[in-house]
Structures are given as structure tokens and as C-alpha cells.
Amino acid sequence: HNTGQSCGLVDADSDAPEAWDRTTGSRSGVIGVIDSGIDVAHPDLAANIWRNPGEIAGNGVDDDANGYVDDVNGWDFSSNDNTPNDGNGHGTHVAGTIGAVGNDARGVAGVNWQVSLLPLKFLGTDGSGTTSGAIAAINYATALRTRGVNIVATNNSWGGGSFSTALQTAIQNHANAGILFVAAAGNDAANNDTTASYPANYPIANIISVAALDRYDPLASFSNFGATKVHVGAPGVAIFSTTPNNAYASYSGTSMAAPHVAGVAGLLAAANSQATAAELRAAILGSAVPIASLAGKAPTGGRL
């Protein structure tokens, strides 16, 4: 909510308070955070962490027969265990933007005040991960959706590596299951139309690639863009959010812009429970506000 604080441009924001007049979200909608994990005990996040209804905690049994034992709060694909806690901080920050508990007189409010955040960890403490780990995380979310869990979207604030047929297939299966794939556009100040950045650049209809904007509305100096490949801009500079161990910090990056969009997908799904992924995506892109800095640099030419 930009009122001109810190010398910002009034209303250079996502109009979250206006949206909150309609809905503040719902825990029936699940947003997967494919990242470095989440501090599931953070007091500003704990109430919004997804709980697997098919698992009995700590009994050492794969109660829901999905191949993962005691995956009560998601899975750590980097260490292959059921504790997807965050040793890096990146995933917890992303999660707070999507869904830090709102109206609790604590810390920050996420785009959703109430939502179910699904930790899908594949990045380690150093922030690096493997393509196979990312694929496993994506496939886990897809499998949950096919089993009836309402996975609305996954947030993918990561990138790197070359084209991967296996990763493209995993994202396509995500799309076929009806899940949005929100991706950070990248932080190389590059044109994704001419220099591909993956996973944002895969030609799949469920992807929303997100550029970063600052509080004055220009494209952030580091942000990738693309007249056809980067779809919309969102706030991504000096974003204040949750970090591990009951802490908070300001981070910048397209990694911080993407969760604003994933959060809006959660809000839209809460207000329109029958909407398809395609309809949610069309609503997000169709309501973007045109801004000069994205003219010719994104299909919408606009801010979330």
C-alpha cells in the first residue's frame, strides 16, 4: 500500500487493501512454495502452514500412501526427509509475502491473511539446488492436486540452468492438473525474449513470469523483462517480510515480486472458488495497470 512513504509514488502498488475489502484469503486454498523451505514455526506463518490431512504425525508410516513418510507439512527434496525447514531464509521471506498471518498485531501481513502454505524444499542452505529436485517438488504438488488437495498455484522464485525437457514436462503436467506456475523472471537485467531464463521461459499456458518494480514504478535495475516472455510486473525492491527464527528483513529481487502474484492467485481463488487456473491467470494479467516502464517490455505492459 504505497501512500508515498519512503519517497515512493502514491498508488504504485498492488491495491491490496482494496482487494481485502472483498476477501483476505482462505485456508482451503493451498500455495506451494518451491524454494529453500519455510520456517514452519515462525509465529507470523505457523497458523498458515499446510497440514496434510492424510498423514498422522510421527508414526513412521506413509498413511496416505503417496510415497512420503510423515509428510505432514510438505517435503524436503534436497535432503529427502519430512522436515522442509528453511536454512537459507529465501523461502521463508517468499512465504511471508504470500501468506503471513494478517490482523494479528505482529510483523507483516501477507497478500493472503489466511491461506495454506505448502513448503516444497529443494534449495539447500547455500541457496542452490538441482533440476531433479525441482522436478520432484513440482510433481509432489501435482500429485496432491490429483488426489483432491486444492493446490491453486506454486511460487517458483528460482532459476538457472539450460532447457530441460524433463522440467518442461513436469510443468506441463502441473498445467494439466489445473495449477498455476508463478515464476520469477530473473535478476540479470536481461531480455528474456532473446536470452531465455528458465523456468520462466517455458512455453506453457499456466506460467506467469514476473518482473520486479520499485516503489516509484520503474522496472527494477536488475529485473529481466520481455515483450512476450515476461508477463507482468510486481513490487520487488525492499520488500519487508518474514525470515527464520522469528525475524523480518527487506529483500529485493524478482524472487520477491513473484510471490505477490502467487498471493493474488490465492485471493482470487478464495473469492471465486470455481475459477479455473486459466481464468485466474486471465484475471491477473487482464487487470494489470499499464505503466510506462513496462511498455513494450511485457505483454500486459503493466503492474499487478
Exercise. State whether a side-chain donor-acceptor pair under 3.5 Å links N88 with T125.
Key: no
Quiz prompt | Path from V182 to I239 over hydrophobic side-chain contacts below 4.5 Å | solution = yes
Exercise. Look at the side-chain heavy atoms of Ile, Leu, Val, Met, Phe, Trp and Tyr, link any pair under 4.5 Å apart, and say whether W50 and V101 land in one connected group.
Key: no
Quiz prompt | Distance-minimising heavy-atom pair for A227 and G296 | solution = CB-O, 3.3 Å
Self-check item: Aromatic ring pairing F163/Y198, orientation class (parallel under 30°, perpendicular over 60°, tilted between)
Solution: perpendicular
Quiz item: Parallel under 30°, tilted from 30 to 60°, perpendicular over 60°: which one fits the rings of F77 and Y68?
Solution: perpendicular
Practice problem: State yes or no: do V33 and W75 share one hydrophobic cluster built from I, L, V, M, F, W and Y residues joined by side-chain heavy-atom distances below 4.5 Å, directly or via other members? | Solution: no
Exercise. Measure centre to centre between the rings of H93 and F240, then say whether the value is under 6.0 Å.
Key: no
Quiz item: Is there side-chain contact between I49 and S116, with heavy atoms separated by less than 4.5 Å?
Solution: no
Quiz prompt | Short side-chain donor-acceptor distance under 3.5 Å, D76 and N80 | solution = no
Quiz item: Do L304 and V261 have side-chain heavy atoms sitting under 4.5 Å apart?
Solution: yes
Quiz item: Is there side-chain contact between R281 and N206, with at least one heavy-atom pair below 4.5 Å?
Solution: no
Quiz prompt | I284 CD1 to H231 NE2 distance, which is reported to the nearest 0.5 Å | solution = 11.5 Å
Practice problem: Heavy atoms only: give me the nearest G226-P299 pair and the separation to one decimal. | Solution: O-CD, 3.8 Å
Quiz item: Atom CE of M256 and atom OG of S241: how far apart are they, to the nearest 0.5 Å?
Solution: 7.5 Å
Quiz item: For D126 and S128, what are the C-alpha separation, side-chain angles and deciding distance, and is it a side-chain hydrogen bond (donor to acceptor under 3.5 Å, both in side chains)?
Solution: CA-CA 6 Å; D126 64 354; S128 67; 2.8 Å; yes
Quiz item: Can a salt bridge be assigned to the pair K121 and D86 using a cut-off of 4.0 Å between side-chain N and carboxylate O?
Solution: no
